[in-house]
Amino acid sequence: MTDRYYRHYLIPEIGREGQHRLRASAVLLIGLGGLGSPAALYLAAAGVGTLGLVDGDCVEISNLQRQVIHRTGDIGRSKVDSAAETIRELNPDVALRYYREYATHDLLAGMVQDYDIVISAPDTFDARLMINDCCVAAGVPCVHAGVSGIEGQVMTTLPGTACYRCAFVPSGDAGLPEAVSPIGTLGVAAALGGTLQAAEVLKYLCGYGELMTDRILLFDLAGTSLYSVPVRKRQECRTCGVTGHPVSGSK
Ligand SMILES: [Zn+2]
């Protein structure tokens, strides 16, 4: 009879000490869609002690092609409730906190500091910027990701490193144009993005490897290429820059 985490004990980067660290950790998952599904499943399986689940949506049939934490029988249910049931069946040792609502600045500002690290996995670019701003303001690490079609990107921010706005909004003011209609997403592209987010969280919590800070990882599943490019912390960034304005608004 072996322990649930026996294969972790055999990895020098984790071992029993790392497993204890995971059990003592709390991770906030914002968005239980294509990215959040694999991230939640793997963090739960890995034995993270507490997972906070944030999503205001209900499961729709068109989600199931990529949001693998939900099942056909979950259509119409809250994504938080659906994901929580799957997580409980996978690993009943994980404590869950439920936030059946959309991520807003007010919601996050009151609770991100209760978590060791955040996984940002919402639908929209504006929401990713808002989550970035809340995490930077609270000094909480965050792993960002986005996916479109067969491509995606992943970036980790820690207090003092380049933030997500530094990577995408050179002027520090405006967001990128939002898509007016749903974008196509290959299920396995979201799976890769969410799994890489979980991998960043495990590195951070157990203290091994090099995080994707001050750079952004880009992947493309047509050529099956995976590479990173540097991201410079911008002095004029309104979120993290020294000449920027303190963040108090919604994005
Ligand atoms: Zn910044």
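Start at 1 and go down the list; that is how both ligands and their atoms are numbered.
Ion pairing between a basic and an acidic side chain is recognised when a charged N comes within 4.0 Å of a carboxylate O; D74 and R71 show no such pairing. Between D55 and R100, no side-chain nitrogen of the basic residue sits less than 4.0 Å from a carboxylate oxygen of the acidic one, so the salt-bridge criterion is not met. Ion pairing between a basic and an acidic side chain is recognised when a charged N comes within 4.0 Å of a carboxylate O; E85 and R77 show such pairing.
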Side-chain polar contacts of residues 90-99 - donor-acceptor pairs under 3.5 angstrom, sequence neighbours left out - could you list them?
| from | atom 1 | to | atom 2 | distance (Å) |
| --- | --- | --- | --- | --- |
| N91 | OD1 | D93 | N | 3.0 |
| N91 | ND2 | Y5 | OH | 2.8 |
| N91 | ND2 | A44 | O | 2.9 |
| R97 | NH1 | Y115 | OH | 3.3 |
| Y98 | OH | R88 | NH1 | 2.8 |
| Y99 | OH | Y115 | OH | 2.8 |

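Partner of C166 under the side chain to side chain contact (heavy atoms under 4.5 Å, CB included) criterion, out of R232, R234, E236, Q235: R234 alone. Here the rule is side chain to side chain contact (heavy atoms under 4.5 Å, CB included) with V201, and of L211, L22, I119 only I119 fits it.
Near-neighbour remark for the Zn ion (ligand 1): protein N, O or S atoms under 2.8 Å are C163 SG, C166 SG, C237 SG, C240 SG; waters not counted.
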